[in-house]
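Quick notes on the structure that follows.
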Amino acid sequence: MDELLAEFLSETGEGLDQIDVELVRFEQDPNNAEMLNTIFRLVHTVKGTCGFLGLNRLAKLAHAAETLMGQYRDGAPVTVEGVSVILASIDRIKEILAGLDRDGAEPPGSDTDLIGRLQMLALGEDISAGAMPGAQTAPNQLPPVQAALDELERAWRGAPGPDFGAGEAVSAAEANARETQARVQTVRVSVETLEHLMTTVSELVLTRNQLLDLMRRTGESEFKSPLQRLSTVTAELQEGIMKARMQPIANAWQKLPRLVRELSLELGKKIELDMTGGETELDRQVLEMIKDPLTHMIRNSADHGLEPPAERMSKGKPETGRIKLGAFQQGGYIVIEMADDGRGLDVQKIRAKAIENGLATPAELDRLSDNDICKFIFKAGFSTAQAVSGVSGRGVGMDVVRTNIELIGGTVDLKSTSPAGTVFTIKIPLTLAIMAALIVEAAGHRFAIPQYSVVELVRTGKANGHQVELINETAVLRLRDKLLPLLDLAQLLGLEGGQAMFERLANGVLTVVVIQVGARLFGVLVDSVFRTEEIVVKPMSSLLRDIAIFSGNTILGDGSVIMIIDPNALGAVAGSVDGQEEAAHAVAAGPTQVEEDKTALLLFRAGSNTMKAVPLSLITRLEEIETGAIEHCNGEDVVQYRGVLMPIVYMQTDRGACGDGVQPVLVFTEGGRPLGLAIDEIVDIVEEHLDIELNTETPGVIGAAIVNGKAAEIVDVSHYLGQGFGARVGGTASAGADRAIRILFVDDSQFFRNMLAPLLKAGGYDVTLAASGAEALALKDGGADFDLIISDLDMPGMDGIALAEHIKADPKWRGIPLIALSSHTSPVLIDKSRAAGFVSYVGKFDRQGLMSTLQDCCRHWGVAA
Amino acid sequence: MSVHTHDLEEASEGYVTVVTGGQLFGLRLDRVRDVFVPRGLSQVPLAPPEIAGLLNLRGRIVTAIDLRTRLGLAPRADGGAPVAVGIEERGELYGLIVDRVGDVLRLKPSSYEANPVNLDQRWMKVCAGVHRLDHGLLIVLDVDKVLDLSQFGAAA
């Protein structure tokens with residue numbers, strides 16, 4: 001095909017997808033001149049290029065559409081019919097483009113029908129009022145339109161635009177747009193090239209792993225340092241290619257506004273789609289695979305979730321239903337949240353259906369919470385729509401959505417509150433091709449378990465205090481006062497040669513890999529754990545694809561082929577009915593709620609004999625690193641950790657204290673970068689009610705507290721983070737802003753104020769502290785102003801909810817976004833906080849979550865100095 | 001007449017011969033990619049019994065199928081090291097594990113016959129026919145059917 005034509009096709013395709021989105025937005029906000037300009041420009045470009053390439057059919061159609069839009073630009077009222085006809089024209093343009101792509105020439109056909117309707121609308125006639133488009137209008141009405149067009153064309157040419165070079169009176173918006181275009185330099189690369197690069201890099205990673213493995217076995221050699229360089233470069237290259245494959249999730253969303261618009265017309269409901277976080281990037285392969293599930297879920301929400309306007313009005317809800325779609329990154333995952341403010345799921349109906357379909361017995365259902373019952377909609381063969389409607393009742397249920405998402409290693413969860421609406425949460429991995437996996441052994445076979453699902457490793461045996469116990473031959477592990485169901489990997493896989501689990505348990509030390517799938521937590525018993533390795537995922541042979549428990553296979557560093565275990569499949573084995581496990585957890589969590597003030601602390605020793613403690617939740621991982629692996633580089637100690645260099649900060653002053661051997665390291669993560677805090681030994685993990693006596697004199701120490709009956713120093717993690725990352729940390733929030741973003745942080749606990757304030761400051765925020773709601777309101781009355789307020793929810797006296805209500809009642813502070821902070825995340829509380837006006841909800845210990853929420857808020861709420 | 005004979009000679013087909021359980025088999029030459037010694041075989045738990053395991057052949061993962069198990073023969077009693085015939089099918093690599101690989105033979109259609117009707121049902125499904133050779137019979141294996149484990153409910 002002509003190169004020019006090919007380029008035109010690819011460019012126009014992108015442009016048209018954008019028009020779809022823009023038009024729907026425009027219809028809702030017809031006064032937005034900037035948006036109209038964008039649309040106008042796009043159509044104009046299509047028209048212009050078509051004329052240049054001699055594509056007459058396209059040019060005529062685009063011209064007619066442009067005319068109508070031109071009128072809107074000049075202030076004519078925007079009508080639903082108008083937008084519908086323009087959208088239809090765009091569909092036609094797409095059809096013609098598809099034909100062009102196929103045959104290299106415009107397909108034969110006539111567009112007079114559409115052109116006629118466009119022209120009539122342009123003349124201000126109402127096409128729905130009976131006048132038939134096409135035949136009668138097209139020929140004889142042409143001249144006047146032409147005249148109007150010429151006028152428009154003149155107006156258009158008079159107005160400056162990017163197509164005509166620099167005009168004299170360039171509007172600010174256009175200047176901005178042009179500047180952005182100039183700054184972002186891009187090259188179009190074909191998908192095949194990218195895929196090929198990815199495959200090649202995958203092979204490179206494999207080879208690198210093989211070499212590293214060889215090195216591990218042969219020990220010291222002259223290849224060591226070049227190999228380490230190769231390793232680093234490979235990691236960088238891999239990261240680069242992955243990044244190149246990343247696309248903003250908005251690409252998968254582009255068609256949704258249009259879909260919602262059509263659904264809203266078809267169903268006679270008013271629906272508004274609100275999308276945030278579209279710039280969140282993920283691997284294009286993953287992106288492709290979530291398109292369909294997302295579309296389906298939107299259809300479902302519009303059809304089943306949202307009530308007809310009359311019903312909404314009678315319930316006191318706004319007439320227009322809202323579907324909110326949001327995406328953000330969380331660790332190696334993208335979380336997509338889809339919420340509607342509809343009627344919620346009908347628990348009774350789902351219950352009845354589950355019983356009717358034999359999915360569960362009434363007795364089983366009685367034990368489940370309403371929310372868990374709702375999760376039955378994800379089960380195969382489940383569909384609650386009684387009347388099959390044209391919109392979502394197409395024989396495809398939510399189980400297909402779930403299967404599709406699980407296929408790419410993701411999970412889907414829901415929360416339904418009648419009558420407030422339904423929230424679906426999809427969690428999907430950033431990429432599929434390469435992942436970190438834990439290599440374990442069971443009965444002489446090695447397997448890879450994806451790292452993302454692994455929560456922790458627990459060694460069992462008499463000496464360690466973690467005892468495996470049996471309930472009627474079912475193994476459970478007592479872990480921090482909870483019972484964890486155990487699966488024996490060897491038994492599950494029917495491996496021969498292994499002794500029965502009980503014998504193995506009696507004979508030696510086994511390891512339990514604690515895995516989390518969705519809300520379900522369970523343990524997998526293995527003989528031993530080797531290490532974490534970056535593995536390249538290869539698809540299973542088609543002969544083996546039926547074995548659900550394996551998601552793929554990979555070649556290890558030593559050249560052997562091993563299976564990758566699918567945590568979702570293990571999860572399915574761990575609980576035969578979805579939700580049952582969660583229900584058990586909910587029950588188990590009941591009594592512990594009384595002790596919610598307790599904080600899990602890691603006790604350790606470093607340097608002096610004083611016991612030191614740090615909240616467990618701040619720690620990403622516990623690692624033992626061979627002292628030989630620690631290198632000195634650029635004035636600091638670093639270690640290669642999962643493909644990146646991790647700085648090591650020593651807590652004790654003499655760094656050689658533990659001599660040769662292994663160095664226990666607490667790994668913290670800050671902005672996706674790991675930092676290792678080297679300590680002498682890990683002593684214990686305890687849950688304690690924290691009562692800190694403050695001491696702000698010693699750097700790196702927040703204060704002292706009684707832990708386990710003894711005094712312990714509570715370590716200030718942010719101090720060491722600052723040491724490890726130096727100037728690299730911070731400045732993230734205020735980059736580009738004239739002044740720091742002002743945050744008011746309300747928390748009654750001195751511990752948290754001391755813990756989080758330095759972190760927020762390190763992040764570049766200007767923090768003001770208040771110890772109670774009353775203190776915060778005093779600041780308000782004193783005339784203080786903030787960009788953001790973070791408040792603890794449970795405080796004595798005025799709690800966070802009451803505080804929020806006070807704030808929302810005062811016009812001065814009403815516009816300030818509120819973020820809720822709480823040590824427990826009960827759905828009820830989250831709902832309550834949302835109702836009170838909090839825009840976001842973060843767990844108290846979720847440091848990373850808080851930082852990213854802050855950044856999100858700054859973006860979405862336009863909080864910028 | 002002579003033209004006809006010529007045609008037949010033209011149409012002669014090449015076979016890679018393999019021996020398994022004392023029986024001579026032939027695989028169509030154009031279906032065989034290479035011959036290798038299967039090393040570092042990883043067993044696949046829960047897999048059908050015919051699948052001997054997976055192995056790494058120059059960075060690609062090969063699914064090894066044991067022809068003995070596939071044909072319902074007794075497992076190899078020690079003997080020499082087995083050999084695998086590499087087959088590529090729809091982008092995936094397979095290794096058919098046999099006892100021994102022999103010469104490549106060019107055989108004329110004139111010596112070809114359909115499967116004898118009394119052949120074992122299990123064999124019947126994977127064998128395409130028989131060539132009468134001077135010193136015995138060569139059974140032609142239908143590679144597609146050998147790889148299609150669903151042919152006789154392999155899982156059962």
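Nothing here was measured: the structure is a model prediction, and the numbers come from that model. We name chains A, B, ... by the order of the sequence lines, and we start the count at 1 in each one.
Enclosure of atom CD in E239(A) is not indicated, since only 12 or fewer non-hydrogen atoms of other residues, nucleotides or ligands lie within 6.0 angstrom. Few gaps surround CZ on F530(A); more than 12 heavy atoms of other groups in view lie less than 6.0 Å from it.
Ring geometry for W123(B) versus F25(B): interplanar angle of 30 to 60°, hence tilted.
Between chain A and the options L93(B), I61(B), T63(B), the largest number of non-hydrogen pairs under 4.5 Å is found for I61(B). In terms of heavy-atom pairs under 4.5 Å with chain A, the best-connected choice from L41(B), V44(B), V62(B) is V44(B).
In terms of heavy atoms, L147(B) sits closest to L543(A) at O-CD2, 3.2 Å.
Heavy atoms of L493(A) lying under 4.5 Å from chain B belong to its backbone as well as its side chain. Neither the backbone nor the side chain of R39(B) comes within contact range of chain A; no heavy atom of the residue lies under 4.5 Å from a heavy atom of that chain. Both the backbone and the side chain of Q43(B) come within contact range of chain A, judged by heavy atoms closer than 4.5 Å. Heavy atoms of L55(B) lying under 4.5 Å from chain A belong exclusively to its backbone. With a 4.5 angstrom heavy-atom cutoff, I65(B) touches chain A only via side-chain atoms. For a residue to count as touching a neighbouring chain, one of its non-hydrogen atoms must lie under 4.5 Å from one of that chain's; by this rule T207(A) does not touch chain B. Using a 4.5 Å cut-off between heavy atoms, I549(A) contacts chain B through its side chain alone, with no backbone atom that close.
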Report, one line per pair, each donor and acceptor closer than 3.5 Å where one atom sits in a side chain of residues 128-137 of chain B; sequence neighbours left out.
residue: H131(B); atom: ND1; partner: S111(B); partner atom: OG; Å: 2.8
residue: H131(B); atom: NE2; partner: Y15(B); partner atom: OH; Å: 3.4
residue: R132(B); atom: NH1; partner: E113(B); partner atom: OE2; Å: 2.6
residue: R132(B); atom: NH2; partner: S110(B); partner atom: O; Å: 3.1

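No salt bridge links D148(B) with K145(B); every basic N to acidic carboxylate O contact stays at or beyond 4.0 Å.
Separation of atoms CE (M215(A)) and CG (L227(A)) is listed at 4.5 Å; rounding is to 0.5 Å.
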